[in-house]
Amino acid sequence: MPELPEVEVTKRGLTPLLLGRTVNQVNIYNPNLRYKISESLKNIQGHKIVKISRRAKYIIVETDGGGDFVIHLGMTGHLKVIAASSRLVKHDHYEMILDNDTVLRYNDPRRFGAIIWTDKSPLELTVLRKLGVEPLTDDFNEQFLYSKLQTKKSNIKQTLMNNEIVVGIGNIYASEILFSCRISPLRTASSVTFEECKSLVKEVKSILTNSIAQGGTTIRDFSQVDGKPGYFVQNLLVYGKDGKPCPCCGESIQHMVQGQRSTYYCKNCQK
DNA sequence: AAACACCCCTGCGGGC
DNA sequence: TGCCCGCAGGGGTGTT
């Protein structure tokens, strides 16, 4: 479900609701997520949340002495902060009861998400350590991208989704970005020119930023912390549009599979 | 090293 | 109506 914009929107929604709150109690209802939830997550009980940040598609939460934890939403994970008296619903897997009669609950039907506690620097966790650059920082620029692409034999679409190069670009935005740049997803990464890298960098930043501003993309079940959907779905030009006319030339949008994931593109516009 | 197939899990929509 | 199939925005593993 969530790519970088959806995770960023979630982080921004959570921040005012969690910052400065003390976690009174942690309850784990089903520990079987992507990694088994460690009981040591309960070390945060009695501690105050002092910082919330994001790295790639992970939300990082730090406490004042109870250790830190990182949350990943997988494909179908949701976080919500609601009245502590609210009843549990199907697929609520863990919760943190806060000191103001609210509770942070994690719901995830497919259980591809994760929550990892650590008493070290979260950035040193295995899952975070080998990640590539953040797309919305200056480290992600045309020189950087061009140098990375030159050594890659795989196609440009899967390379854009390679988190060891640049993080946060998932399956929806990869198709959208390539369409905006008029680059075929079938092209080898190494065939992408420096000029095209400039265009890719510009569109990655612009599309992700616009999506964040509109609350992310809701296709099936993403929702913001307040329960509202993301409105960027209205801006999608090719994703999920197979058979529909290309907004640029009117030709039929094509669908294909790359690396077991759907790709959408316009054969006519993207070369 | 890098590319690829396959796996984790539940729910939903389409076809019959 | 119900059943079966394929598919879904994530990442990890094991094989070549």
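Here is how names work: the chains are called A, B, and so on, in the same order as the sequence lines, proteins then strands, and each is numbered from 1. Keep in mind that this is a model prediction, so the values were computed, not measured.
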Undergrad: For atom P, what is the distance between B:dC9 and C:dC3, given to the nearest Å?
TA: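 Straight-line distance between the two P atoms is 23 Å.
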Undergrad: Under a 3.5 Å distance rule, please check whether A:D68 uses its side chain to pair with a backbone N or O of A:T63 as donor and acceptor.
TA: yes
Undergrad: Tell me the interatomic distance from A:N155, atom CG, to B:dA3, atom C1', rounded to whole angstroms.
TA: 11 Å
Undergrad: Looking at A:K153, does any N or O in its side chain come under 4.0 Å of the phosphate oxygens OP1/OP2 on B:dA2?
TA: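 Indeed not, no polar side-chain atom of A:K153 lies that close.
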Undergrad: Please confirm whether the shortest side-chain N or O distance from A:T217 to OP1 or OP2 of C:dG9 is below 4.0 Å.
TA: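 False: A:T217 side-chain N/O out of range (4.0 Å or more) of C:dG9 OP1/OP2.
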Undergrad: Do A:R110 side-chain and C:dA8 base share a donor-acceptor contact under 3.5 Å?
TA: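 Such a pair exists between side chain and base.
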Undergrad: Should the ring pair A:Y239 and A:Y264 be called parallel, tilted or perpendicular, given that the plane angle runs from 0 to 90° and is split at 30 and 60?
TA: perpendicular
Undergrad: Over 60° means perpendicular and under 30° means parallel, so classify the ring planes of A:Y173 and A:F232, tilted if in between.
TA: tilted
Undergrad: C:dG9, B:dG11, C:dG11: which one has an atom nearest the side-chain heavy atoms of A:H72?
TA: C:dG11
Undergrad: Between B:dC7 and C:dC5, how far apart are the two P atoms, rounded to whole Å?
TA: 16 Å
Undergrad: Got A:L18 and A:I52 here, is their nearest side-chain heavy-atom distance under 4.5 Å?
TA: yes
Undergrad: Which is true for A:Y239 with a 4.0 Å heavy-atom rule: it touches a base, it touches only sugar-phosphate, or it touches nothing?
TA: sugar-phosphate
Undergrad: Less than 4.0 angstrom between a side-chain N/O of A:K90 and OP1 or OP2 of B:dG11, yes or no?
TA: yes
Undergrad: Just the rounded figure in Å: distance from P of B:dA1 to CG of A:N162.
TA: 14 Å
Undergrad: Which whole-number value in Å describes the distance from A:D92 CG to B:dT10 P?
TA: 15 Å
Undergrad: Base, sugar-phosphate, or nothing: which does A:Y35 touch, judged by heavy atoms less than 4.0 Å apart?
TA: sugar-phosphate
Undergrad: Below the 4.0 Å mark, does B:dC12 have OP1 or OP2 next to a side-chain nitrogen or oxygen of A:R220?
TA: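 Checking B:dC12 against A:R220, no side-chain N or O comes under 4.0 Å of OP1 or OP2.
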Undergrad: Can you measure A:D108 atom CG to C:dA8 atom C1' for me and round it to whole angstrom units?
TA: 13 Å
Undergrad: Looking at the side chain of A:M75, which of C:dG10, C:dG12, B:dT10 is the nearest nucleotide?
TA: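 Output: C:dG10.
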Undergrad: With heavy atoms under 4.0 Å as the rule, sort A:N163 into base, sugar-phosphate or nothing.
TA: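 Contact class for A:N163: sugar-phosphate only.
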Undergrad: Can you tell me which nucleotide in C:dC7, B:dT10, B:dA5 comes closest to the side chain of A:Q260?
TA: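 Comparing C:dC7, B:dT10, B:dA5 against the side chain of A:Q260, the answer is B:dA5.
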Undergrad: Need to verify one output field. Residue with the more 5' nearest nucleotide on DNA chain B, A:E164 or A:H91?
TA: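 Nearest-nucleotide comparison on DNA chain B picks A:E164.
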Undergrad: Take A:T76 and A:D108, measure what side-chain hydrogen bond (donor to acceptor under 3.5 Å, both in side chains) needs, and give me the verdict at the end.
TA: CA-CA 5 Å; A:T76 51; A:D108 186 358; 2.6 Å; yes
Undergrad: From the options C:dG9, B:dG11, B:dC9, select the nucleotide whose nearest atom is closest to the side chain of A:P109.
TA: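 Closest nucleotide among those given: B:dG11.
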Undergrad: Take atom C1' in B:dA3 and the same atom in C:dG9, then report the distance between them in whole Å.
TA: 23 Å
Undergrad: By a 5.5 angstrom centroid cut-off and a 30 degree plane limit, is there stacking between A:F112 and B:dC9?
TA: no
Undergrad: Please determine, for C:dG9, whether a Watson-Crick or G-U wobble partner exists with both distances under 3.5 Å, and give it or none.
TA: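 Pairing partner: none.
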Undergrad: For A:F222 and C:dA8, give me the distance from atom CZ to atom C1', rounded to whole Å.
TA: 16 Å
Undergrad: Can you tell me which nucleotide in C:dG10, B:dG11, C:dG12 comes closest to the side chain of A:N171?
TA: C:dG10
Undergrad: So among A:I165, A:D139, A:V201, which one has a side-chain contact (heavy atoms from CB on, under 4.5 Å) with A:F144?
TA: A:I165
Undergrad: Any donor-acceptor pair, under 3.5 Å, between the side chain of A:R111 and the base of B:dC9, if you only look at N and O atoms?
TA: no
Undergrad: When you look at A:T102 and A:L17, which way does the side-chain contact (heavy atoms from CB on, under 4.5 Å) test go after all the steps?
TA: CA-CA 9 Å; A:T102 64; A:L17 302 173; over 6 Å; no
Undergrad: Would you kindly give the CZ-to-P distance between A:R261 and B:dA5, to the nearest whole Å?
TA: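 Going from A:R261 (CZ) to B:dA5 (P), I get 14 Å.
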Undergrad: Given atom CG of A:L128 and atom C1' of C:dG11, what is their separation to the nearest angstrom?
TA: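 Spelled out: CG on A:L128 to C1' on C:dG11 is 13 Å.
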Undergrad: Rounding to a whole Å, what distance do you find between A:I71:CD1 and C:dG11:P?
TA: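 Result: 16 Å.
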